[in-house]
Amino acid sequence: MAVAAAPDHLFHLRNNFYLGSFQAAINNSDLPNLSPDDAVERDCLVYRSYIALGSYQLVINEIDSAAATPLQAVKLLALYLSNPHDKESTIASLKEWLADPAIGSNALLRLIAGIVFMHEEDYIEALKHTNAGGTMELHALNVQIFIKMHRSDYAERQLRVMQQIDEDHTLTQLANAWLNLAVEAYLIFQDFSEKYPMTGLILNGKAVCCIHMGNFDEAETLLLEALNKDAKDPETLSNLVVCGLHLGKSSSRYLSQLKLTHPEHILVKRASSAEDSFERAVQSVA
């Protein structure tokens, strides 16, 4: 007689986190009868939700030196994001932990390493720690990294691995959407919006699909709805800048807000670089 699978007490919490319902993940995290390992994973998801909401200092203050390795890794991510001008010491600590045989293979530590090095646009270093996989989040991060490297062939292989493990997993569906942006991806995000509460992540996903399909008016409507949910979300602001350019509308308000709240964003850096190049060109002909 087959033994019934143990209930997954963290299923809804994970889904809230994966789909960008960070406040819901925090609010619904008081779960009874968790094993010690599940309790640590629950705490990691909650603190990562706080990080996603920009509450870095809360995470830094609450996770002490006696906490488990996965929680220490989450704290390191908060430290990295909270002080972009002093990243070097955080990255040095991360590399030291990864080199430690006792903890270096921890899945969440490797995931945080992948996230940090992807932020640094050091994709080869990121893959050193994520490419072995081991969890659905690691596989999903690999898909994101390969897409950023413009290696859709490798991203497709990672997606096939995820589909073999669990084709219906939320991260498998998200990875499929990232890889197949346009019509198929739009339908996946539409399905999410019908099954789950509408979040900024879902709205941005639908909007990017519309941009790829040339439906800029619909994209703008979705992005303005996302902006009402979170006026400081970097993806919403950057997508509104792109959308405004295609529609011939001024997007300086959104770019200014992005510069103010996320000065390290790649779009801000590119805009600043373009402005500097323009100034040099003007001076050269003055």
Side-chain angles (χ1 to χ4, degrees), residues 14-22 25 45 48-49 51-52 110-124 126-127 129-196 198-216 218-219 222-223 226 230 233-243 262 265-267:
R14 285 195 205 96
N15 261 0
N16 279 329
F17 176 75
Y18 297 152
L19 292 170
S21 292
F22 303 119
L45 289 165
R48 288 172 69 193
S49 295
I51 289 173
R110 292 191 293 118
L111 180 77
I112 297 301
I115 293 168
V116 167
F117 290 120
M118 190 168 75
H119 268 270
E120 292 292 302
E121 298 180 46
D122 188 348
Y123 304 126
I124 300 302
L127 286 168
H129 308 293
T130 64
N131 200 35
T135 69
M136 292 299 276
E137 273 204 273
L138 281 164
H139 288 304
L141 186 60
N142 284 333
V143 172
Q144 288 183 303
I145 294 168
F146 286 130
I147 289 170
K148 285 184 176 291
M149 294 174 73
H150 307 293
R151 291 305 305 263
S152 59
D153 51 342
Y154 284 102
E156 179 71 41
R157 288 182 203 171
Q158 282 292 313
L159 177 60
R160 283 201 295 270
V161 170
M162 295 177 76
Q163 288 170 332
Q164 287 166 5
I165 296 168
D166 185 351
E167 192 169 10
D168 297 322
H169 196 288
T170 300
L171 286 176
T172 306
Q173 294 291 303
L174 280 172
N176 192 22
W178 299 329
L179 189 56
N180 298 297
L181 278 174
V183 179
E184 184 182 349
Y186 183 88
L187 293 175
I188 291 171
F189 280 111
Q190 182 64 30
D191 187 47
F192 278 142
S193 67
E194 290 169 1
K195 286 182 179 177
Y196 303 101
M198 191 68 83
T199 65
L201 185 148
I202 294 172
L203 287 163
N204 270 278
K206 290 177 72 175
V208 170
C209 295
C210 290
I211 290 171
H212 276 262
M213 292 186 285
N215 300 334
F216 301 110
E218 185 180 352
L222 292 163
L223 290 168
D230 184 355
D233 179 66
E235 297 312 310
T236 302
L237 291 166
S238 59
N239 286 332
L240 275 166
V241 170
V242 172
C243 209
H262 299 276
H265 194 280
I266 185 65
L267 190 64

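Between Thr172 and Asp166, the side chains place no donor N or O within less than 3.5 Å of an acceptor N or O (distance only, hydrogens not considered).
Scanning for side chain to side chain donor-acceptor pair (under 3.5 Å) contacts around Glu235 gives an empty result, with sequence neighbours left out. Residues satisfying the salt bridge (charged side-chain N to carboxylate O under 4.0 Å, His left out) criterion with Arg48, sequence neighbours excluded, are Glu137. In this view, Ala226 and Leu203, Asn204, Thr236 satisfy the side chain to side chain contact (heavy atoms under 4.5 Å, CB included) rule, not counting sequence neighbours. The ring pair (Phe, Tyr, Trp, His ring centres under 6.0 Å) check on Phe189 picks up nothing, with sequence neighbours excluded. Scored by the side chain to side chain contact (heavy atoms under 4.5 Å, CB included) test, Ser21 finds Asn16, Ala24, Thr199 as partners (sequence neighbours excluded). Taking Phe216 as the reference, His246 meet the ring pair (Phe, Tyr, Trp, His ring centres under 6.0 Å) condition, with sequence neighbours excluded.
Using a distance-only test at 3.5 Å, with no hydrogens or angles considered, no donor-acceptor pair links the side chain of Arg160 to the main chain of Ala155.
The minimum heavy-atom distance between Ala25 and Ser49, with the atom names listed, is CB-OG, 3.5 Å. Nearest heavy-atom pair, His265 versus Ser238, reported as atom, atom and distance to 0.1 Å: CE1-CB, 3.7 Å. Closest non-hydrogen pair, Cys210 versus Glu218, comes out as SG-CD, 3.6 Å. For the residue pair Ala126 and Gly114, the shortest heavy atom distance occurs at CB-O, 3.8 Å. Here the shortest heavy-atom pairing between Glu167 and Gln173 reads O-NE2, 3.0 Å.
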Is there a side-chain contact (heavy atoms from CB on, under 4.5 Å) between Glu156 and Leu179? Walk through the geometry before answering. CA-CA 7 Å; Glu156 179 71 41; Leu179 189 56; 3.3 Å; yes

Walk me through whether Leu187 and Asp191 qualify under side-chain contact (heavy atoms from CB on, under 4.5 Å). CA-CA 6 Å; Leu187 293 175; Asp191 187 47; over 6 Å; no

Could you please spell out the steps behind the side-chain contact (heavy atoms from CB on, under 4.5 Å) verdict for Ile266 and Glu121? CA-CA 10 Å; Ile266 185 65; Glu121 298 180 46; 3.4 Å; yes

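Using a 4.5 Å heavy-atom threshold, the side chains of Leu201 and Phe192 count as separate. The shortest side-chain heavy-atom distance between Leu127 and Asn142 falls under the 4.5 Å cut-off. The closest side-chain heavy-atom distance from Asn131 to Phe146 is below 4.5 Å. His139 is listed as a side-chain neighbour of Ile165, based on a closest heavy-atom distance under 4.5 Å.
Ring geometry for His169 against Tyr18 counts as tilted: the plane angle lies between 30° and 60°, on a 0 to 90° scale.
Under a cutoff of 6.0 Å and an axis angle of 45°, Arg14 and Phe17 do not form a cation-pi pair.
Here CD1 of Ile211 is found 4.5 Å from SG of Cys243. Values are rounded to the nearest 0.5 Å. The distance from the CE atom of Met118 to the OH atom of Tyr123 is 7.5 Å, given to the nearest 0.5 Å. Within the model, atoms CG of Leu174 and CG of Leu159 stand 11.0 Å from one another, a figure rounded to the nearest 0.5 Å.
Evaluated for a side-chain contact (heavy atoms from CB on, under 4.5 Å) with Gln158, the options Leu141, Ile147, Val143, Leu138 yield exactly one hit, Val143.
Annotation: Tyr196, atom OH; neighbour count of heavy atoms from other residues, nucleotides and ligands within 6.0 Å is above 12.
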